[in-house]
Amino acid sequence: RRNLFLGGAAAGAGALGATLAQRALPADEPAPPSTPPPHGEQSVAFHGSRQAGVQTPPQAHATLLGIDLDPEVAAEGVRRLLFLLSDDAARLTRGEPALADTEPELARVPARLTVTFGFGPGLVERVDPDAVPDWLTDLPDFEHDDLDPAWGQTDLLLQVCADDPVTVSHAARILLKDTRAFGRLRWSQDGFRRAHGSQPDGTTMRNLMGQVDGTVNPAPGTEDFERLVWGGAGPDWLTGGTSLVLRRIATHLDTWDELDRPAREAVIGRRLSDGAPLTGDSEHDEPDFEAKGDGGLPVIADFAHVRRARTGDPDERMFRRGYNYEDRARGEAGLLFVSFQADPVRQFLPVQRRLDELDLLNQWVTAVGSAVYAVPPGCAEGGFVGQGLLE
Ligand code: HEM
C-alpha cells in the first residue's frame with residue numbers, strides 16, 4: 001500500500017507540484033507527501049585511492065567487457081588508452097556526457113555507475129614484463145570445468161555496473177568506442193540482480209537456483225576486508241589495488257528442478273526460504289558443522305557446498321560480488337562469479353580446489369569461462385587508472 005501510494009505520488013508529482021506552488025497551504029492541512037529524488041541521480045566517485053565497484057554496494061546491473069589489445073599496441077598505446085578510458089569513465093560516473101558522446105542525454109542518469117578496470121597479464125607485459133604479479137596467470141584446470149576459450153582471459157577487463165540498464169549500456173558503448181583504435185572486444189557478459197528498489201538495500205542476493213547467495217562474505221569497512229581484499233600481494237604499482245577472479249558458471253536448472261526442496265537444501269547446507277544454515281534459525285546464524293541429526297549423520301552434510309567452501313584458514317577467504325546471467329538462445333543460465341582478493345593463489349585457489357574435489361553442487365554447475373585480473377589502485381582527478389604501472 002505504501003509503495004502504491006508513493007508510486008502514485010511520484011507519477012503525479014509534476015501536476016501536484018505546480019498546483020501547490022500556486023497556493024499557500026492552510027495551517028491545518030497535512031504537508032503533501034515529499035517524493036524522494038530519483039535514485040538515478042545518485043553517483044559514486046570515480047576518483048580516489050581505490051577503484052570503485054569493488055566495495056561499492058552491488059548495483060542491480062553489470063556488464064563485463066573483455067578486451068584484447070592489438071598486437072602493435074605497446075606501452076605508449078596502453079597509456080593513451082587508459083587515459084582516454086579513465087577520462088570518459090570519470091565523466092560518465094558523474095552523470096556527464098563523455099568527450100565525444102553522441103547521445104549525451106543517456107549520460108545524465110548516473111544511477112551509481114562504476115567502471116572498474118582489471119589488467120590481464122597481456123596488458124601488463126606490454127608495459128613491463130617484470131611488473132606482472134606471480135599470481136596473474138591462468139588458474140589450473142579443474143576436473144569439473146568445461147572451459148570455452150570464448151570466455152577466457154583477455155588483456156583488459158572493464159566491469160561496468162549501475163542501477164539502470166540503459167546507463168550500463170550507454171557507458172559500455174562509449175568505453176568500447178575508446179578502445180577501437182587499440183584493440184577489440186572478445187566477450188561481453190551481462191549480469192543482473194534484483195532491480196534497484198525491489199527489496200530493502202542490503203538484502204543478500206538470490207541466484208537463479210533460488211538460493212540466498214552472498215551471506216558469508218567479508219564486510220566492507222572492516223579490518224578483515226582491508227586485509228583480505230586490499231591487503232596487497234603484488235608489485236608496488238598495485239598497492240591500493242586487488243585482484244578479480246571471474247568464473248562464468250553455468251547452472252543446470254532443468255536437472256536442478258528435479259530435486260525436491262530438502263535435497264536442494266542439503267546440497268548447499270542452508271534453507272531456501274531464508275538462507276539460514278540447516279542448523280540455525282536465521283540467515284546470519286553461524287552454521288554448526290558438528291551437529292548430528294537422526295541416525296548420527298551430520299545435519300550439514302560432508303558434501304554440502306558451505307562446508308566445503310570453508311577451509312578453516314582465515315586467509316583462505318575472498319569477497320564475492322557476483323551477478324546472475326542468462327543466455328536463453330544458448331539455453332544457458334548461471335552465475336558470473338566475481339571475487340576480489342589480495343592474492344588469488346593464496347585465497348581463491350585453495351577453496352576452488354576443495355570444491356572441485358568434493359561439492360555436491362558440482363552436479364548442477366559447470367564453469368565455462370575463467371579469467372584473472374589485477375585491479376590497480378584508483379587515480380586522482382586528471383590522472384588515469386594504471387598510472388603507477390606506466391610511470
Ligand atoms: C557460499 C552458491 C560457486 C565460494 C555459498 C552459498 C551459496 C552458494 C547459496 C551459501 C550462502 C553464502 O554464504 O553465500 C554458489 C553457486 C555457485 C557457487 C550457485 C556456482 C554457480 C562458488 C565458487 C566459490 C564459492 C566457485 C569459490 C571458489 C563460496 C564461499 C561461501 C559460499 C567461500 C561461504 C562459505 C562459508 O559459509 O564460509 N555459495 N556458489 N562458491 N560459496 Fe558458493
Side-chain angles (χ1 to χ4, degrees), residues 58 139-140 142-147 151 189 191 193 203-219 224-225 228-229 243-253 255-256 259 261 264-280 282-289 300-301 303-326 332-341 343-372:
L139 292 169
F142 299 102
E143 198 187 321
H144 291 96
D145 289 0
D146 184 14
L147 300 183
W151 304 118
Q189 311 195 45
R193 294 174 167 229
T203 306
T204 312
M205 85 162 212
R206 278 191 191 261
N207 60 37
L208 298 179
M209 299 176 104
Q211 302 143 359
V212 176
D213 189 348
T215 302
V216 175
N217 224 1
D224 217 22
F225 191 95
L228 291 168
V229 177
S243 77
L244 183 156
V245 171
L246 168 62
R247 306 270 292 167
R248 183 181 175 95
I249 308 179
T251 51
H252 312 307
L253 297 179
T255 49
W256 179 249
L259 291 189
R261 259 175 112 78
R264 290 177 179 205
E265 294 180 333
V267 169
I268 296 294
R270 287 182 174 270
R271 282 205 305 254
L272 282 164
S273 57
D274 54 6
L278 293 180
T279 53
S282 59
E283 187 193 339
H284 291 283
D285 285 353
E286 188 55 21
D288 178 355
F289 291 110
I300 298 176
F303 55 66
H305 182 70
V306 295
R307 184 190 284 275
R308 298 299 300 164
R310 215 177 266 207
T311 72
D313 178 341
D315 285 332
E316 292 178 351
R317 288 185 299 147
M318 68 213 82
F319 177 59
R320 293 173 290 136
R321 192 185 190 275
Y323 284 87
N324 298 311
Y325 78 89
E326 182 149 38
E332 191 184 306
L335 189 66
L336 298 178
F337 175 97
V338 173
S339 70
F340 294 97
Q341 53 282 302
D343 181 341
V345 169
R346 173 83 179 88
Q347 297 172 247
F348 171 87
L349 197 55
V351 178
Q352 173 57 40
R353 279 213 175 99
R354 263 176 74 88
L355 294 179
D356 195 47
E357 272 163 29
L358 173 66
D359 175 8
L360 200 58
L361 187 60
N362 287 331
Q363 295 199 12
W364 297 277
V365 308
T366 307
V368 295
S370 183
V372 183

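Whatever order the structure lists them in is the order used to number ligands and atoms, beginning at 1.
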*Test Ser339 against Arg320 for side chain to side chain donor-acceptor pair (under 3.5 Å), laying out the working first.*
CA-CA 4 Å; Ser339 70; Arg320 293 173 290 136; over 6 Å; no

The atoms of ligand 1 lying under 4.0 Å from a heavy atom of Arg270, numbered in the order shown, are 10 (C), 11 (C)

From the list Val306, Asp288, Ile268, side chain to side chain contact (heavy atoms under 4.5 Å, CB included) with Ile300 holds only for Val306

Checklist entry - Are the side chain of Trp256 and the backbone N or O of Met209 linked by a donor-acceptor pair below 3.5 Å? => result yes

Of all protein heavy atoms, the one nearest atom 13 (O) of ligand 1 is Val216 N, 2.9 Å

Of all protein heavy atoms, the one nearest atom 14 (O) of ligand 1 is Gly214 N, 2.5 Å

shortest atom 12 (C) of ligand 1-to-protein heavy-atom contact is with Thr215 N, 3.2 Å

Quick note on ligand 1: atoms under 4.0 Å from a heavy atom of Val365 include exactly 21 (C)

Counting only protein N, O or S atoms and ignoring waters, those under 2.8 Å from atom 43 (Fe) of ligand 1 are His305 NE2

re atom 37 (O) of ligand 1, the protein heavy-atom contact at minimum distance is Arg310 NH2, 3.1 Å

If we only consider heavy atoms of Gly275, is any one of them less than 4.0 Å away from an atom in ligand 1? no

Any heavy atom of Arg247 closer to ligand 1 than 4.0 angstrom?
no

Contact region, Asn207 to ligand 1, non-hydrogen atoms below 4.0 Å, reads side chain

Run the numbers on Tyr325 and Glu332 for side chain to side chain contact (heavy atoms under 4.5 Å, CB included), then give the verdict.
CA-CA 8 Å; Tyr325 78 89; Glu332 191 184 306; 2.5 Å; yes

Discussion item. I want to check a possible cation-pi pair here: Arg353 against Phe142, using under 6.0 Å from ring centre and within 45° of the ring axis as the test.
Written reply: no

Self-check item: Gln211, any N or O under 3.5 Å of ligand 1 N or O
Solution: no

Are the side chain of Asn362 and the backbone of Val365 linked by a donor-acceptor contact shorter than 3.5 Å?
no

Checklist line | Side chain Arg307, main chain Phe289, donor-acceptor under 3.5 Å | finding: yes

| query | Can you tell me if Ser243 uses its side chain to pair, donor with acceptor, with the backbone of Asp343 under 3.5 Å? | reply | no

Within 4.0 Å of some non-hydrogen atom of Met209, the atoms of ligand 1 are 19 (C)

Practice item. Using a strict cut-off of less than 4.0 Å between a Lys/Arg side-chain nitrogen and an Asp/Glu carboxylate oxygen, indicate whether Asp313 and Arg346 qualify as a salt bridge. Key: yes

**Q.** Test side chain to side chain contact (heavy atoms under 4.5 Å, CB included) applied to Phe319 and Leu228, step by step
**A.** CA-CA 8 Å; Phe319 177 59; Leu228 291 168; over 6 Å; no

Within 4.0 Å of some non-hydrogen atom of Ile249, the atoms of ligand 1 are 20 (C), 21 (C), 26 (C)

Numbered in order shown, the ligand 1 atoms found under 4.0 Å of a heavy atom of Gln352 are 26 (C), 28 (C)

closest protein heavy atom to atom 9 (C) of ligand 1 is Val212 O, 3.3 Å

Side chain to side chain donor-acceptor pair (under 3.5 Å) filter on Gln347, not counting sequence neighbours, yields none

Test: Arg206 and Glu283 ion pair at under 4.0 Å:
no

Subject >> Parallel, tilted or perpendicular: ring planes of Phe348 versus Phe337, cut at 30 and 60 degrees >> reply: tilted

Met318 to ligand 1: N or O pair under 3.5 Å?
-> no

